[in-house]
Amino acid sequence: MNPNSNSHSCIPCSLLCLPLLVLASIAWPGGLGAQPQGQTPGPEARTSPNVEIHGRIVNGTTRGPGKVALLELIRPGKQMNILQTMENVTGTFRFPAVERASVPFLIRATYEGETYVTVVPPVPARQDAAQTVEVYDIGAKRADLNIMPGIEIMNMQEGLRVNYVYSVDNASRPPRAFAGNEFEIPVPEGIQIKGCQLAHESSRMPAPFGCKVQDGKIIIEKGFRPGSSQLTVQAEQESRTFADQETSYPFKVLVWKPEQSRPQISGDKDQQELNIRGLGPALKVDYDNRSVTYQMPDTGFHYDNPLESDYNPVFENGWLSLAGILGALAIIVLAISILSSVRIQFKR
């Protein structure tokens, strides 16, 4: 799966090596880099308040120099602050100097309609080093994707919150990107999409991006780069009956909140309890090429803010409730990591 607004991330490369001769000279007293005794380094030896982010663009498919239509230097925050832009960049690049920051810089590259984000940590040595921005040719097929699907259902007081979670491993050879707008998720009528985000294994930073419902399907506008990505789509509906229209997978992992609001399931082929430490209740639900319905109860609700609940049967006060919610969030993270450990090859 921007900060990257729609983005993927790659790991910055390490510091460039200095010639051995220079290193040897610095190591010996009186060598090229030696400081006269009794003197301290001048201001030029200290870290500059400004930095010129620079590096090279690599085409991960051909392993040769890459060319991108747009290269942007971004400082993330409440809004993405685009500091510098460069167009039609080939091979190497160097942005004009900008002030160092206590947050990571992002380098966003646009290539063949897809965006790729490289994270530059807020460490002077890493900022001064040459960065590697990797992009890929479009061309991965659906058969190249190993997909693990999951569903999280939260029984809210005003209805249901449904999170579609997909662990996607793009195993194309040679490595190519799977184009956006080619991945669709059928959804029931009346459901509202609240947000989509994609995270790639190289940075693990969830990046929100635009998605929409068209002809009863969520159109995922973001493509999948080679490697493992985590796609999450958050949806809401007023009805407590959720009919999962996506029947292309042999099974899905189901997680629900709160624990006492276990759904009644119909239309499935089989169910299997998952006993995974720290995950909480979960099910492996086998599908049989037809819609599966999840009926949530009219009582027992999940609260984002536990203080909104008049009565909490698990914790007797607000502070313990808050601790319980934080624990539940940790469980959700564990559930996502478990989805990534299983691979299902999805072919149509």
Side-chain angles (χ1 to χ4, degrees), residues 1-13 49-58 60 66-89 92-124 126-136 138 163 168 177-181 183 193-212 218-234 333 336:
M1 301 175 111
N2 344 65
N4 64 23
S5 107
N6 325 331
S7 45
H8 309 277
S9 309
C10 38
I11 302 176
C13 66
N50 297 327
V51 60
E52 295 182 1
I53 302 295
H54 67 285
R56 61 180 183 139
I57 303 170
V58 175
K67 179 179 180 179
V68 299
L70 183 65
L71 198 64
E72 300 167 290
L73 181 62
I74 300 172
R75 179 179 293 141
K78 292 184 179 180
Q79 294 182 342
M80 293 298 171
N81 184 15
I82 300 177
L83 304 177
Q84 306 285 352
T85 60
M86 302 172 67
E87 297 182 354
N88 299 320
V89 183
T92 61
F93 65 90
R94 182 178 292 272
F95 287 105
V98 295
E99 185 179 359
R100 295 185 191 272
S102 59
V103 297
F105 287 108
L106 305 179
I107 305 173
R108 184 167 63 193
T110 302
Y111 176 64
E112 292 190 347
E114 294 295 330
T115 56
Y116 302 83
V117 168
T118 301
V119 180
V120 184
V123 179
R126 299 290 295 275
Q127 293 175 344
D128 292 332
Q131 312 298 321
T132 298
V133 177
E134 197 164 32
V135 299
Y136 296 88
I138 295 293
N163 291 331
V168 182
F178 185 80
N181 296 318
F183 190 86
I193 307 304
K194 295 299 183 180
C196 298
Q197 64 181 27
L198 185 67
H200 190 263
E201 62 180 344
S202 58
S203 69
R204 303 183 185 275
M205 295 179 62
F209 65 94
C211 55
K212 59 186 177 181
I218 303 173
I219 308 298
I220 303 300
E221 300 179 347
K222 194 75 183 70
F224 302 113
R225 61 172 291 181
S228 297
S229 300
Q230 185 73 56
L231 170 67
T232 305
V233 178
Q234 186 181 92
V333 173
I336 291 175

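Just so we're clear, the structure is a prediction, and the values are computed from it rather than from any experiment.
Looking at heavy atoms from C-beta onward, Thr118 lies out of side-chain contact with Leu106 at the 4.5 angstrom threshold. Using a 4.5 Å heavy-atom threshold, the side chains of Phe93 and Ile107 count as touching. You'll find the side chain of Ile53 reaches within 4.5 Å of the side chain of Val120, heavy atoms only. Between Glu52 and Asn50 there is no side-chain heavy-atom pair separated by less than 4.5 Å. Within the 4.5 Å cutoff, the side chain of Arg225 has heavy atoms near those of the Tyr116 side chain. By the 4.5 Å heavy-atom criterion applied to side chains, Gln234 and Gln197 are not counted as neighbours.
Heavy-atom minimum distance, Pro104 versus Val119: CB-CG1, 3.9 Å. Across Glu114 and Ile138, no two heavy atoms sit closer than the pair CG-CD1, 3.6 Å. Listed here is the closest heavy atom pair of Ala101 and Pro122: O-CB, 3.7 Å.
When ring centroids are compared, Phe224 and Phe183 come within the 6.0 Å threshold.
Taking Ala69 as the reference, nothing meets the side-chain contact (heavy atoms from CB on, under 4.5 Å) condition, with sequence neighbours excluded. Scored by the side-chain contact (heavy atoms from CB on, under 4.5 Å) test, Ala109 finds Val68, Leu71, Val133, Val135 as partners (sequence neighbours excluded). Residues meeting the side-chain contact (heavy atoms from CB on, under 4.5 Å) test with Asn88, sequence neighbours left out: none. Annotation: side-chain hydrogen bond (donor to acceptor under 3.5 Å, both in side chains) contacts of Gln127 (sequence neighbours excluded): Arg100. For Glu72, the side-chain hydrogen bond (donor to acceptor under 3.5 Å, both in side chains) partners two or more places apart in sequence, or in a different chain, are Arg108. For Glu112, the salt bridge (Lys or Arg N to Asp or Glu O under 4.0 Å) test picks out no residue, with sequence neighbours left out.
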Practice item. Take Ile57 and Thr92 through the side-chain contact (heavy atoms from CB on, under 4.5 Å) test and state the conclusion after the steps. Key: CA-CA 6 Å; Ile57 303 170; Thr92 61; over 6 Å; no

Review point. Would Gln84 and Val98 count as a side-chain contact (heavy atoms from CB on, under 4.5 Å) if you check the C-alpha gap in whole Å, the side-chain angles of each, and the deciding distance to 0.1 Å?
Key: CA-CA 9 Å; Gln84 306 285 352; Val98 295; 3.7 Å; yes

Exercise for review: Give the C-alpha distance, both sets of side-chain angles, the deciding distance and a yes or no for side-chain contact (heavy atoms from CB on, under 4.5 Å) between Ile193 and Val233.
Suggested key: CA-CA 7 Å; Ile193 307 304; Val233 178; 4.0 Å; yes

Review point. What do the steps show when you test Gln131 against His54 for side-chain contact (heavy atoms from CB on, under 4.5 Å), and what is the final call?
Key: CA-CA 6 Å; Gln131 312 298 321; His54 67 285; over 6 Å; no

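Within the 3.5 Å criterion, the main-chain N or O of Pro226 finds a donor-acceptor partner in the side chain of His200.
Taking CG of Leu231 as the start and CD1 of Ile220 as the end, the distance is 5.0 Å to the nearest 0.5 Å. From Phe105, atom CZ reaches atom CD1 of Ile74 across 11.5 Å, with rounding to the nearest 0.5 Å. Separating the CZ atom in Arg56 from the CZ atom in Arg94 is a distance of 15.0 Å, to the nearest 0.5 Å.
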